[in-house]
Amino acid sequence: MADIETPISFSKDLKKIINQKLSDPNFKYQDWSNEDLLDLRRYIRNYYRDLTKKCVYCRKDVSLQSANNCHVEHIIPKSTDPLKFIFEPKNLCVLCSDCNEIKKNKEVEDKVLKRNTAYSEYPRSSESFLIFHPHFDNYDDHIFKCEDIYIDLTPKGSYTMYVCKLNRKVHKFGIEPVLLSQSALFDLFNAIMNESNFTKQNILLNKLRAYFIKSS
């Protein structure tokens, strides 16, 4: 089950604004921040903020009122695919300031599929993306989060961690994963015990073994 099952829908008035923008030959992706799109941005932000309550990539809280730590995310960056998917509901969600600044316009689509597919419509499956996609994927299938430590469970999880530098706190402050709190270690052990997929359980076990090897 995907993290976001119900993409945003727009009213007739908002659709009118969107169609006007997309039909305007002078409209550029940089115009996303223009004053006349303020209400639309606010509507998108509030919808996905209320739905997910957290940054879709690092799973940390976003601001409840301010836009400063709750940015509208274009999963396929609006700068790399100008206009095409800038208002596409499945290309939208919210993320925190750190993930927004770090991810920027990094490549998120499978290059082979992108090269062999004429994207007249938005991609319809998880396989089209290198990164975790909240409208197609379940976060816990790809990344295990334990306090400020992130463990990749799949190649997609690994790439998401790379694109957003999810272990940035560890790298910034030199926090070793073995120094997890007791409650965090309990969560990790619990996840291992409850994981029914042998491959995923093995990945978690190997990560845990690596932590204890580092501490010895």
Side-chain angles (χ1 to χ4, degrees), residues 1-110 113-114 117-139 142 156 160 163-164:
M1 184 181 297
D3 281 14
I4 298 176
E5 294 187 285
T6 310
I8 195 170
S9 58
F10 299 111
S11 66
K12 287 184 179 180
D13 289 340
L14 290 178
K15 285 181 179 178
K16 183 178 180 180
I17 294 172
I18 290 171
N19 290 333
Q20 286 174 344
K21 291 298 181 182
L22 292 177
S23 61
D24 181 355
N26 296 315
F27 180 64
K28 307 178 296 298
Y29 76 86
Q30 292 94 334
D31 297 332
W32 168 260
S33 300
N34 286 0
E35 188 71 20
D36 61 348
L37 288 177
L38 178 62
D39 288 342
L40 177 63
R41 293 196 305 274
R42 183 183 292 119
Y43 178 73
I44 294 170
R45 179 182 297 108
N46 288 342
Y47 177 83
Y48 283 114
R49 172 164 47 198
D50 291 345
L51 191 65
T52 64
K53 300 178 177 62
K54 297 181 182 296
C55 169
V56 295
Y57 298 125
C58 72
R59 286 295 182 92
K60 294 183 179 179
D61 291 340
V62 292
S63 57
L64 297 179
Q65 295 293 329
S66 172
N68 290 337
N69 192 43
C70 186
H71 299 266
V72 174
E73 157 70 340
H74 292 85
I75 299 165
I76 296 178
K78 58 184 182 295
S79 59
T80 56
D81 252 295
L83 304 186
K84 196 187 299 184
F85 303 130
I86 194 169
F87 301 113
E88 165 58 45
K90 286 191 175 180
N91 197 45
L92 302 170
C93 55
V94 291
L95 77 174
C96 69
S97 294
D98 283 345
C99 285
N100 182 56
E101 183 175 333
I102 293 167
K103 177 179 175 284
K104 291 185 177 178
N105 61 347
K106 292 187 176 73
E107 182 72 46
V108 300
E109 299 162 89
D110 184 284
L113 288 174
K114 186 176 181 180
T117 305
Y119 279 163
S120 58
E121 296 182 356
Y122 195 75
R124 297 181 179 180
S125 69
S126 172
E127 289 71 26
S128 299
F129 295 89
L130 300 171
I131 197 171
F132 159 75
H133 195 301
H135 291 273
F136 298 123
D137 300 317
N138 181 287
Y139 191 90
H142 299 281
K156 179 174 282 196
T160 304
V163 165
C164 297

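We number each residue from 1, following the sequence as shown. These figures come from a predicted structure and were not determined experimentally.
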Pairs involving residues 18-38, ordered by first then second residue, that meet salt bridge (charged side-chain N to carboxylate O under 4.0 Å, His left out) (sequence neighbours left out): K21-D36, K28-D31
Does R59 pair with D3 as a salt bridge, N-O distance under 4.0 Å? yes
Could you give the distance from CD1 (I17) to CG (L22), rounded to the nearest 0.5 Å? 12.0 Å
Return yes if a side-chain donor-acceptor contact under 3.5 Å exists between S126 and D137, otherwise no. yes
If you count every heavy atom of other residues, nucleotides or ligands that lies below 6.0 Å from Q20 atom CD, does the total exceed 12? yes
Between L95 and V72, the two heavy atoms sitting closest are CD2-C, 4.3 Å
Flag if over 12 foreign heavy atoms under 6.0 Å of NZ, K15: no
Which heavy atom of L130 sits nearest a heavy atom of K156, and at what distance? O-CG, 3.4 Å
Approximate separation, where rounding is to 0.5 Å, of K103 NZ and C164 SG: 7.0 Å
Taken in chain and number order and not counting sequence neighbours, the residues that satisfy ring-ring contact (aromatic ring centres under 6.0 Å, His included) with Y139 are F132
Do the side chains of K16 and D13 get close enough for a salt bridge, i.e. N-O under 4.0 angstrom? no
Identify the two heavy atoms, one from F85 and one from N91, that lie closest to each other, and give their separation to 0.1 Å. O-ND2, 3.3 Å
Intermediate values then yes/no, side chain to side chain contact (heavy atoms under 4.5 Å, CB included), D98 and C58: CA-CA 9 Å; D98 283 345; C58 72; over 6 Å; no
Under the 3.5 angstrom rule, does the side chain of R41 hit a backbone N or O of W32 as a donor-acceptor pair? yes
Determine, step by step, whether H71 and C55 satisfy the side chain to side chain contact (heavy atoms under 4.5 Å, CB included) criterion, reporting the C-alpha distance in whole Å, the side-chain angles of both residues, the deciding distance to 0.1 Å, and the verdict. CA-CA 9 Å; H71 299 266; C55 169; over 6 Å; no
First locate atom CG of N100, then atom CD of E73, and finally report the distance between them rounded to the nearest 0.5 Å. 7.0 Å
Starting at OH of Y57, measure out to SG of C99 and round the result to the nearest 0.5 Å. 8.5 Å
Under a 4.5 Å cut-off applied to non-hydrogen side-chain atoms, are K60 and C96 in contact? no
Rounded to the nearest 0.5 Å, the OH atom of Y122 sits from the NZ atom of K90 at a distance of 9.0 Å
Taking the six-membered ring for Trp, are F27 and F87 parallel (under 30°), tilted (30 to 60°) or perpendicular (over 60°)? parallel
Taking P77's backbone N and O only, do any of them form a donor-acceptor pair with T80's side chain (distance below 3.5 Å, no angle check)? yes
Y48 and H135: aromatic ring centres closer than 6.0 Å? yes
Determine whether a donor-acceptor pair (N or O, by modelled atom type, separation under 3.5 Å) exists between the side chain of N69 and the backbone of S97. yes
Could you state the interatomic distance from CZ (R45) to CG (L40), rounded to the nearest 0.5 Å? 10.5 Å
Please report the closest heavy-atom contact between P25 and S23, naming both atoms and the distance. CD-O, 3.3 Å
What closest approach, in Å, do P123 and F129 show between heavy atoms, and which atom pair accounts for it? CB-CE1, 3.8 Å
Considering residues, nucleotides and ligands other than Q65, do more than 12 of their heavy atoms fall under 6.0 Å from its CD? no
Do I4 and C93 come close enough that some side-chain heavy atom pair is under 4.5 Å? yes
Evaluate the side chain to side chain contact (heavy atoms under 4.5 Å, CB included) criterion for residues H74 and L92: first the C-alpha distance (whole Å), next the side-chain angles of each, then the deciding distance (0.1 Å), finally the verdict. CA-CA 5 Å; H74 292 85; L92 302 170; 3.6 Å; yes
